Every structure is written in C-alpha cells, then in structure tokens.
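Notes follow once the structure below has been shown.
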Amino acid sequence: MNKRFFALLAGVLAALILLSACGSTPPASSSAPGDGSLSLEPSVSVLAPVVEPDPLYINPLTGEGTDVDLSANRPVAIMLNNLKKALPQCGISQADIIYEAPAEGGITRMMAVFQSLEGVGNLGSVRSARPYYVELALGLDAIFIHAGGSDDAYSAIKKYGAFNIDGVNGPYGGTMFYRDAQRKKTAGYEHSLFTSEERIEALLSGALSKMRQSHKEGYALPLTFAKHGTPAAGQSANTLSVKYSYYKTGLFTYDPEREIYLVSQTVDGQNGPYMDGSNSQQMAVTNVLVLCTDINPIKGDSAGRQTVRLTGSGNGYYACGGAYIPITWSKDSATDPFRFSTADGQPLTLGVGKTYVNIVDDSAPVTFE
C-alpha cells in the first residue's frame, strides 16, 4: 500500500511540474524561428526628436517669435542722451534696434526702437532731434519721440509729416513726460526728462488715438533673419571697436556661450559697460552693423552740428556670431528704409535678435580682432 501511495504522489508532482513549464512565458528571441538561439540584448526604446513648433508671429525688427501679431504696428523710436553725466540711460536693454550717430562737439545720441513697449518701464533721458534721426524714424514708419530739436529737424518733421511727440515744444509735455528728481540733482535739468511705457501707451490710446498707428499700406521692412546669422566666410570679430570721435568709442565683445555681443563704451574718457539704469543689465545684441557715410560740420553752426548723409549708398560692416563681412547699404529717400547687401549683391541676412547700428564717418577707425 505504501509503495502504491508513493508512486501515485510522484505522478501527481510530475504532472504539476509539466503544467507549470507549459504555462510560463518563453524568453524573447531576436533570432530566426527554429535556430534554437536566444537574444540576451536588452530592449531599447527610441525617442522621437522634439520638434519645436514654428512661432505664430514674428517681430519684424528682430525675427523673434511672438504670441501676438505685432507686424502691422508702427514701432516707437525715442531719442536718448549719451553725455557722460546723463548716464545710465533707462530702457535701452529692451530696445529691438539701437541707432547711434554723431550729434555735435564729438558727442553722440542714440535712437532706441521698440516694436512693443510691453514691460519696458521708464525711458530716458530724452533729448533733442536732428534731421537724420527723423529720416531713420521715417524709414521705419515709426512714432518718433524727442525733446526739442534743431531747426533742420523741425523742418524735416514738417516736410515729411512725421508722427512725432515733442517733450519741449509739443502740447504733451506735462502728460507724456516728467522730470526725474534725482537726475535733476545729479545731472542737471536738461538731462532729467523721462517718459515711460505707461505714459506713451496712455497717450496713444487716448489723445492721439486718431493718429495712424498701423503701417501705411504696402510698407514692408526689408529685413530677413536666420536662427544663426554668422556670415559665411567671415573674418574674426570677437571684438569690434568703433571710434566716433575723441569723446566716444563703442566696443562690442562677443560672448560665445550666449551668442551675443556685449556692448561697452568709452564716453569722455570713462570706460565701462553700456548699462540700462532700469534693470542694471548690460546692453547685448545679436547683430552689429557699421554704416560708413559722409559726415561734416554745418558751416556757420555755432553749436557744431553735423550733416549726416543717409540717402544714396555706402559701405559698411556686419558682425554676428564672432565673424564679420563687408557690406553695402542703400536708402533711396528720406522716407525709405535701409537695405543691406553682401559683397556679391545678395540681401544680407541678420541673426534672430537685437541689432546695434553704428553710423560713422568714412574716415572713422573701425577695428576687428
């Protein structure tokens, strides 16, 4: 009886083992069926590359993507002081384009251009216009903000019907502009005039709401952009120096990690970064343009004001990504925008980002390293 019992028990155990083996999952095999080999390699998941969607809209001054369509809006161009005692300027780090040109007596002034004023805050100190700055604003079909101007500047404003807001001789001095109390103490009354994003927007949506604030029909800014605008076959431009006069020299130093040029300047013997007084940020741009032209003192002008030719054509340089190439510029009339071309006559492509435009005399020293 014991023998029969143990034989039966052994049979039951064998059946259970067989059933367990039949219900198990066989190891995965990458070999052909029937060759008897097994794969010991772990499985690998292949992730699809992340594709960034194209932006809905493009800022026409920078080529950067935006969530709101700004392309039809007239930009705002504002005159800024660059005397040593009036520094630092406020709002410059958020400008899409900075134009710099001589004014008089060796000093320069900037015109900062904004496609949108959102988040800019205070702007200044605001200074007077010259006719060539009016031409720069006209070429952008911009709203031009200034504080007074030369007789020639007022003549140009009247001749071309420029949309201008004047902080000295206009009717909006008390609402559009204000005097910064601290600047009056440290820099003097003439260097204390400021405005702000809030004041400009309030005026444009209020008293000036009937003025044309969209681009005129058919207007198109002839600028094209690429994600990486480093010029092909360009020469080294890790640093770029532009000497305007004994009073002012501009310096642009390339930062390869951020792929931008950091802007510094020497003003009346004082060297330092070109800073924004609103946020303590150093001015940084993707593109640096140097436009060479005829600049001459106006005969008989006691203040030493200059004539600056912006129409016709001339030579210059373009730097981006640590390299530069020679270019040509052209501007058909006072109201037309600049056009930039490479040496072989092809339209210049800028890098996506902010641009600094230096306008200097043909004889001005411009060096690259």
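Note that these values count all heavy atoms, side chains included, but never hydrogens, waters or copies made by symmetry. Quick caveat, the model's predicted, so the values are computed rather than measured.
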Going by atom types alone, do [X] and [Y] pair a side-chain donor with an acceptor below 3.5 Å?
X    : Y    : result
N122 : S278 : no
D152 : S150 : no
D180 : S192 : no

Requested in this report: Would you please indicate if the ring centroids of Y356 and Y261 are separated by under 6.0 Å?
Outcome: no

Looking at [X] and [Y], would you say the former's side chain and the latter's main chain have a donor-acceptor pair under 3.5 Å?
X    : Y    : value
T307 : N296 : yes
K243 : S245 : no
R199 : T175 : yes
N287 : C320 : no
D332 : D336 : no
D276 : C90  : no

Under 4.5 Å between any side-chain heavy atoms of [X] and [Y], yes or no?
X    : Y    : result
L240 : Y324 : no
E135 : V308 : no
V120 : I200 : no

**Report entry** W329 and its ring pair (Phe, Tyr, Trp, His ring centres under 6.0 Å) partner, picked from F340, F338, Y317
**Finding:** F338

Query raised in the report: For D67, does the CG atom sit with more than 12 other heavy atoms under 6.0 Å from it, leaving out its own atoms?
Result: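 12 or below, so no.
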
Query raised in the report: Does a salt bridge link K354 with E64, judged by any charged N lying under 4.0 Å from a carboxylate O?
Result: no

Report task. State whether D141 and R212 are salt-bridged, where the test is any N-O pair (Lys NZ or Arg NE/NH1/NH2 against Asp/Glu carboxylate O) under 4.0 Å. Result -> yes

Query raised in the report: Run the side-chain contact (heavy atoms from CB on, under 4.5 Å) check on R339 and S313 step by step: do they pass?
Result: CA-CA 9 Å; R339 294 180 183 275; S313 62; over 6 Å; no

Requested in this report: Report the C-alpha separation of D294 and D362 in whole Å, then their side-chain angles, then the decisive distance to 0.1 Å, and conclude whether the side-chain contact (heavy atoms from CB on, under 4.5 Å) test is met.
Outcome: CA-CA 6 Å; D294 311 316; D362 287 320; 3.1 Å; yes

Query raised in the report: Shortest non-hydrogen contact from M79 to A129?
Result: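 Looks like CG-CA, 4.5 Å.
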
